[in-house]
Amino acid sequence: MNIIIVDDDKLVSLSLKTILEATPDINVLAMGANGEEAISLYDEYKPDVLLMDIRMDKLNGLDAAKIIIEKYPDAKILLLTTFSDDEYIIKAIGLGAKGYILKQAFETIAPAINAVYNGQTVFGDEIMNKIPSLMKKQDNVSYSDFGLTDKEFDIIRLVADGLNNKEIAAEMFFGEGTVRNYISTILEKLELRDRTQLACFYYKHF
């Protein structure tokens with residue numbers, strides 16, 4: 001099995017490489033340090049599994065995973081992080097990652113890679129315990145149930161996709177000021193604090 005490791009901490013990458021290459025049938029083809037390198041390395045090597053950190057400079061692991069999966073729908077990506085933030089879990093599931101495990105559980109990484117390679121979706125125990133409540137959706141829910149207009153819902157969807165105000169403005173043919181006003185109104189209407197909560201609201205309900 002050929003894999004690629006992408007982590008902005010070189011010591012972590014080298015440690016993972018040492019551990020994984022001591023495991024039968026795992027071969028580390030290459031290592032990268034950010035999401036941009038992950039995309040480039042995936043294009044070059046087409047690995048069986050991509051093991052990738054989430055929090056990285058230039059382009060984070062979630063955004064890189066989204067780009068790779070859009071280009072290669074069968075890509076097997078296992079996200080690795082020191083964080084179990086609800087936002088990350090929801091987005092990882094939503095974009096189609098095959099697993100999300102914590103770095104602290106070093107002993108589970110090799111089995112998780114094998115499981116993903118064999119077609120399974122893997123989440124660590126701590127994360128699995130959170131998923132049912134995070135992914136519980138209301139039946140037949142509509143954005144109108146929350147008092148949202150068509151345009152407001154479109155903006156929420158674009159925020160959840162990771163677009164900034166300038167990108168949303170271009171997508172919807174608005175000025176950036178108009179987008180800011182819309183987002184402020186939406187946050188007030190939904191009683192949410194910030195864009196992160198708005199993205200979680202979208203993934204939880206829609």
Side-chain angles (χ1 to χ4, degrees), residues 1-9 12-32 35 37-56 59-137 160-162 199-200 202-206:
M1 180 201 330
N2 294 317
I3 74 165
I4 288 173
I5 298 170
V6 179
D7 194 300
D8 60 356
D9 187 326
V12 170
S13 294
L14 290 172
S15 297
L16 287 170
K17 183 177 187 293
T18 300
I19 291 169
L20 294 174
E21 289 196 327
T23 304
D25 303 324
I26 294 182
N27 175 46
V28 178
L29 293 172
M31 296 186 295
E37 290 183 9
I39 295 167
S40 176
L41 290 171
Y42 199 97
D43 284 337
E44 181 177 355
Y45 292 102
K46 309 294 189 305
D48 296 310
V49 177
L50 169 60
L51 179 63
M52 179 163 56
D53 189 21
I54 287 181
R55 288 197 175 186
M56 298 184 291
L59 188 67
N60 68 51
L62 287 170
D63 290 340
K66 181 179 179 182
I67 292 168
I68 292 169
I69 290 170
E70 285 175 351
K71 191 171 183 180
Y72 306 99
D74 295 329
K76 294 177 178 178
I77 299 176
L78 179 59
L79 294 167
L80 185 64
T81 185
T82 55
F83 305 92
S84 59
D85 293 357
D86 293 352
E87 172 201 359
Y88 291 158
I89 298 169
I90 294 169
K91 195 164 184 179
I93 294 170
L95 63 82
K98 300 302 181 185
Y100 180 112
I101 58 176
L102 301 180
K103 287 182 182 178
Q104 296 94 313
F106 249 80
E107 71 282 357
T108 69
I109 295 173
I113 289 173
N114 277 298
V116 167
Y117 175 68
N118 289 313
Q120 299 176 44
T121 300
V122 178
F123 293 90
D125 290 341
E126 181 179 343
I127 294 164
M128 280 296 296
N129 292 335
K130 287 188 173 189
I131 289 175
S133 61
L134 291 177
M135 300 307 291
K136 184 179 180 181
K137 298 183 179 182
D161 284 341
C200 289
Y202 176 82
Y203 283 108
K204 185 177 293 186
H205 295 288
F206 304 102

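Source: prediction; values computed, not measured.
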Chemist: To the closest 0.5 Å, what do you measure between NZ (Lys66) and CD1 (Ile77)?
Modeler: 13.0 Å
Chemist: Any salt bridge linking Arg55 with Asp8? Criterion: basic side-chain nitrogen under 4.0 Å from a carboxylate oxygen.
Modeler: no
Chemist: So, taking the atom named CD1 in Ile4 and the one named OH in Tyr45, what distance separates them when rounded to the nearest 0.5 Å?
Modeler: 7.0 Å
Chemist: Please determine, by modelled atom types, if Asp161 and Tyr202 share a side-chain donor-acceptor pair under 3.5 angstrom.
Modeler: no
Chemist: Find out whether Asn27 and Ile3 are in side-chain contact, i.e. whether some heavy atom of one side chain is under 4.5 Å from a heavy atom of the other.
Modeler: no
Chemist: Enter the distance from Met1:CE to Asp25:CG here, rounded to the nearest 0.5 Å.
Modeler: 7.0 Å
Chemist: Less than 4.5 Å apart, any side-chain heavy atom of Asp43 and any of Lys71?
Modeler: yes
Chemist: Given 3.5 Å as the limit, does a donor-acceptor pair link the side chain of Glu21 with the main chain of Val28, or not?
Modeler: yes
Chemist: Please answer whether the main-chain N or O of Asn114 pairs with a side-chain N or O of Asn118 as donor and acceptor at a distance below 3.5 Å.
Modeler: yes
Chemist: If you round to the nearest 0.5 Å, how far is OH of Tyr72 from CD1 of Ile67?
Modeler: 12.0 Å
Chemist: Evaluate whether atom NZ of Lys98 has more than 12 neighbouring non-hydrogen atoms of other residues, nucleotides or ligands under 6.0 angstrom away.
Modeler: no
Chemist: In Å and rounded to the nearest 0.5 Å, what is the CD1 to CG distance from Ile5 to Leu50?
Modeler: 10.0 Å
Chemist: Please report the closest heavy-atom contact between Leu59 and Asp63, naming both atoms and the distance.
Modeler: CD1-CB, 3.7 Å
Chemist: Search all heavy atoms of Ala199 against all heavy atoms of Ala160 and return the closest pair with its distance.
Modeler: CB-CA, 3.9 Å
Chemist: When Ile109 is tested against each of Ile101, Thr23, Ile19 for side-chain contact (heavy atoms from CB on, under 4.5 Å), which residue passes?
Modeler: Ile101
Chemist: Of all the heavy-atom pairs spanning Met52 and Ala65, show the shortest one and how long it is.
Modeler: CE-N, 3.8 Å
Chemist: Identify the residue among Leu79, Asp7, Asp9 that makes a side-chain contact (heavy atoms from CB on, under 4.5 Å) with Asp53.
Modeler: Asp7
Chemist: Give a yes/no verdict on a cation-pi contact between Lys76 and Tyr117, requiring under 6.0 Å between NZ or CZ and the six-membered ring centre and an angle within 45° of the axis.
Modeler: yes
Chemist: What pair of heavy atoms forms the shortest contact from Tyr100 to Leu78, and how long is it?
Modeler: N-CD1, 3.9 Å
Chemist: Leu80 and side-chain contact (heavy atoms from CB on, under 4.5 Å): which partner among Leu51, Ile54, Ile113?
Modeler: Leu51
Chemist: So which atom in Gly32 and which in Ser13 form the shortest heavy-atom distance, rounded to 0.1 Å?
Modeler: O-OG, 4.3 Å
